[in-house]
Structure formats: C-alpha cells, structure tokens
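Accompanying notes for the structure given below.
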Amino acid sequence: MQQIFNFLFKNSNRLLFLLLLCISLLLTIQSHSYHKSRIISSANFVSGGVYEKINNVREYLNLKSQNEALALENARLKSLLFKTKDTTEIKKIETLKGVAPDDIVVSKVIHNSYNSHNNFITLNSGALKGIKPDMGVINNLGIVGIVDKTSPNYATVISILNVKSQINAKIKKSNHFGSLVWNGKSTGYVQLIDVPRLASVRKGDTIVTGGQSVIFPENINIGTIDKIYIDNQTNYYTLNIKLFNDMTNLGHVYIIKSKNRDELNNLEKQNIKDE
C-alpha cells in the first residue's frame with residue numbers, strides 16, 4: 001500500500017496533467033458534433049475488428065461440432081437417397097429392324113468380368129422373363145455377348161471378350177463376312193478373321209453383325225477397323241476391330257428374343273440326321 005502512495009506522490013504532476021487532459025478532451029467531444037462522430041466511428045471500427053477476430057476464433061473452436069453436424073446431415077440425406085426407389089425407366093429399342101418391341105427385354109448388368117480369357121457377364125433377368133440360352137445381348141452402342149445359361153431371375157452371358165466367343169460379322173460397306181473372335185489381349189479390341197482377300201478393307205470401315213444366324217439381327221454395330229493383317233496360313237485378312245462399346249463399363253443392356261430360333265435349330269438338326 002505504501003508503494004502505491006509513493007508512486008502517486010512521485011508522479012502527482014503527470015497524473016494531474018493526464019486527468020486534466022482527459023477532462024478537456026471529454027468536454028471538447030461533447031461540445032463539438034464533428035469530434036464526437038469521429039470518435040464514435042473510430043471506436044466502432046476498433047470494436048468491429050475485435051469482434052471479427054473473436055468470432056473467427058469461436059468458429060475455429062467450433063469446427064469439430066460443425067463437422068459432426070455436417071456428417072450427421074450427410075448420413076441422413078444418404079439414407080433418404082438409398083430408400084428412394086429408382087424410378088428411371090430404360091426405354092426399349094424400337095428401331096431394331098426385324099425385331100418387335102415385345103421381343104426385346106431390358107436388363108441390367110450386375111457383374112462383369114473382363115480381365116481373364118473366359119469373361120462372363122451376369123444379368124438380373126432370367127427364365128421368368130423368357131430369357132433362354134443363345135439369345136443376343138446388345139446395348140445402345142453395339143453387341144455385348146450371347147446368353148449362356150439362365151435361372152429363374154438371372155442369366156449369364158458369354159462376353160465378346162471371351163476367347164470362346166465366335167459371332168458372324170461383316171464389313172458394312174461391302175458385306176464381306178468373317179468370324180468375330182477375341183485374342184485375349186485388349187479389352188477395347190476384337191478380331192474379324194477369315195475375311196477374303198478380295199474384300200475392299202480400309203482403316204476406319206465399320207463392322208456390323210452379319211445376320212447369318214438367328215442370334216443377332218443384321219447390322220448391329222460392333223466397331224471400326226483399326227489394323228489390317230494377312231494370315232500367312234490361310235491367306236485371309238485378319239482385321240483388328242476397335243469396339244464402339246466400353247466393355248469395362250456396362251449398365252443396362254437389351255436381350256433379343258428370337259421366335260424363329262427353335263424352328264431353325266430343329267430344321268438344321270433334322271438335316272444333320274438325314275445326312
């Protein structure tokens with residue numbers, strides 16, 4: 001306490017000066033509107049800056065709780081999304097020449113293998129929808145494969161990326177036929193073999209289904225010629241075909257029913273017996 005009195009006694013002149021200065025400033029501000037407005041403005045500026053800094057600190061300290069609230073909201077929205085049924089309907093292809101709309105079944109790929117030599121695709125449609133083995137499977141870009149086996153609600157498809165796959169195909173501009181196979185190398189390319197040397201082939205020519213079987217209608221897109229080789233053993237062309245389809249990214253597909261397939265197969269079997 002004695003130190004406080006000593007301090008006040010030693011600095012009495014300075015403290016008196018400061019007190020009188022403050023009183024004079026206060027009287028000046030109160031008696032002049034300009035000075036009053038400037039002081040208030042400066043005070044607001046300072047206090048506003050302080051409040052902003054304090055608010056930033058508070059927001060930073062509250063980040064954890066805000067993040068938790070956002071996470072809960074995201075979880076709620078996702079649960080609503082997952083409970084919502086997919087009402088998007090995939091329309092049937094109605095421009096397929098020689099195929100009635102009722103003979104096209106829309107299905108969805110639920111499994112797709114493409115990294116082995118014997119690749120298969122699984123669809124969520126089966127015998128209950130009239131799906132049978134040897135039916136062709138396509139999408140809006142081109143052919144996908146051929147149905148191999150069915151159960152009541154599912155079907156497996158031999159992908160065109162299967163070394164056992166063999167499909168009749170042709171060069172669109174010239175109608176020269178060959179067999180579409182896969183050499184097991186690239187998922188983006190298949191091969192058209194046994195194309196006669198008299199055929200006019202150029203890089204970029206379109207390859208389509210040939211229509212010499214009841215599996216696929218004629219002129220379904222497959223791809224374009226990328227490279228041309230000559231098989232030294234057969235003296236036929238082998239064409240490397242760049243697929244229109246991305247076989248590693250399949251969604252909805254179309255299964256093509258063939259009402260004449262059983263009739264044609266029975267007729268061919270009868271011919272074999274007669275021989």
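For the single chain, residues carry numbers from 1 onward in sequence order. No hydrogens, no waters, no symmetry mates; every other heavy atom, side chains included, goes into these values.
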Pair listing, salt bridge (Lys or Arg N to Asp or Glu O under 4.0 Å) test, anchored in residues 159-184, at least two apart: Lys170-Glu218, Lys173-Asp205
Salt bridge (Lys or Arg N to Asp or Glu O under 4.0 Å) partners of residues 185-201, not counting sequence neighbours, each pair once: none
side-chain hydrogen bond (donor to acceptor under 3.5 Å, both in side chains) involving Thr187 - partner list, sequence neighbours excluded: none
Qualifying residues under side-chain hydrogen bond (donor to acceptor under 3.5 Å, both in side chains), relative to Ser174, sequence neighbours excluded: His176
If I compare all heavy atoms of [X] with all of [Y], which pair ends up nearest, and what's the gap?
| X | Y | result |
| --- | --- | --- |
| Phe177 | Pro196 | O-CD, 3.7 Å |
| Ile158 | Ser165 | CG2-CB, 4.3 Å |
| Ile207 | Ala169 | CG2-CB, 4.1 Å |
| Gln166 | Ser179 | NE2-OG, 3.5 Å |
| Tyr254 | Asn140 | CE1-N, 4.0 Å |

[X] vs [Y] side-chain heavy atoms within contact, under 4.5 Å:
| X | Y | value |
| --- | --- | --- |
| Lys257 | Val105 | yes |
| Asn221 | Leu141 | no |
| Val201 | Ile225 | yes |
| Thr209 | Ile222 | yes |
| Phe216 | Ile138 | yes |
| Asp226 | Thr224 | no |
| Asp103 | Ile256 | no |
| Met247 | Val144 | yes |

Stepwise side-chain contact (heavy atoms from CB on, under 4.5 Å) test for Val137 and Ile146: CA-CA 6 Å; Val137 181; Ile146 300 173; over 6 Å; no
When you group the ILVMFWY residues by side-chain heavy-atom contacts below 4.5 Å and let the links chain together, are [Y] and [X] in the same group?
| X | Y | result |
| --- | --- | --- |
| Val195 | Ile230 | yes |
| Val208 | Ile215 | no |
| Val181 | Ile167 | no |
| Tyr229 | Leu192 | no |
| Val163 | Ile193 | no |

side-chain contact (heavy atoms from CB on, under 4.5 Å) between Tyr237 and Asp231, intermediate numbers included: CA-CA 6 Å; Tyr237 282 129; Asp231 191 322; over 6 Å; no
Residues that, via side-chain heavy atoms closer than 4.5 angstrom, fall in one hydrophobic cluster with [X]:
| X | value |
| --- | --- |
| Leu128 | none |
| Tyr154 | Ile110 |
| Tyr189 | none |
| Tyr236 | none |

Which donor-acceptor pairs under 3.5 Å do side chains of residues 238-246 form with protein atoms, sequence neighbours excluded?
unit_1: Asn240; atom_1: OD1; unit_2: Gln191; atom_2: NE2; d: 2.7
unit_1: Asn245; atom_1: OD1; unit_2: Asn139; atom_2: ND2; d: 2.8
unit_1: Asn245; atom_1: ND2; unit_2: Asn139; atom_2: OD1; d: 2.9
unit_1: Asn245; atom_1: ND2; unit_2: Gly142; atom_2: O; d: 3.4
unit_1: Asn245; atom_1: ND2; unit_2: Ile143; atom_2: O; d: 3.3
unit_1: Asp246; atom_1: OD1; unit_2: Thr248; atom_2: N; d: 3.1
unit_1: Asp246; atom_1: OD1; unit_2: Thr248; atom_2: OG1; d: 2.6

Ser116-Asn119 side chain donor-acceptor pair, cut-off 3.5 Å: yes
Set of side-chain contact (heavy atoms from CB on, under 4.5 Å) partners for Ala155, sequence neighbours left out: Ile131, Val147, Thr150
Can you list, pair by pair, the side-chain donor-acceptor contacts under 3.5 Å of residues 120-127, counting residues two or more places apart and other chains?
unit_1: Asn124; atom_1: OD1; unit_2: Ser107; atom_2: OG; d: 3.0
unit_1: Asn124; atom_1: OD1; unit_2: Lys108; atom_2: N; d: 2.9
unit_1: Ser125; atom_1: OG; unit_2: Ser107; atom_2: OG; d: 2.9

Between OH on residue Tyr114 and CD1 on residue Ile160, distance to nearest 0.5 Å: 14.5 Å
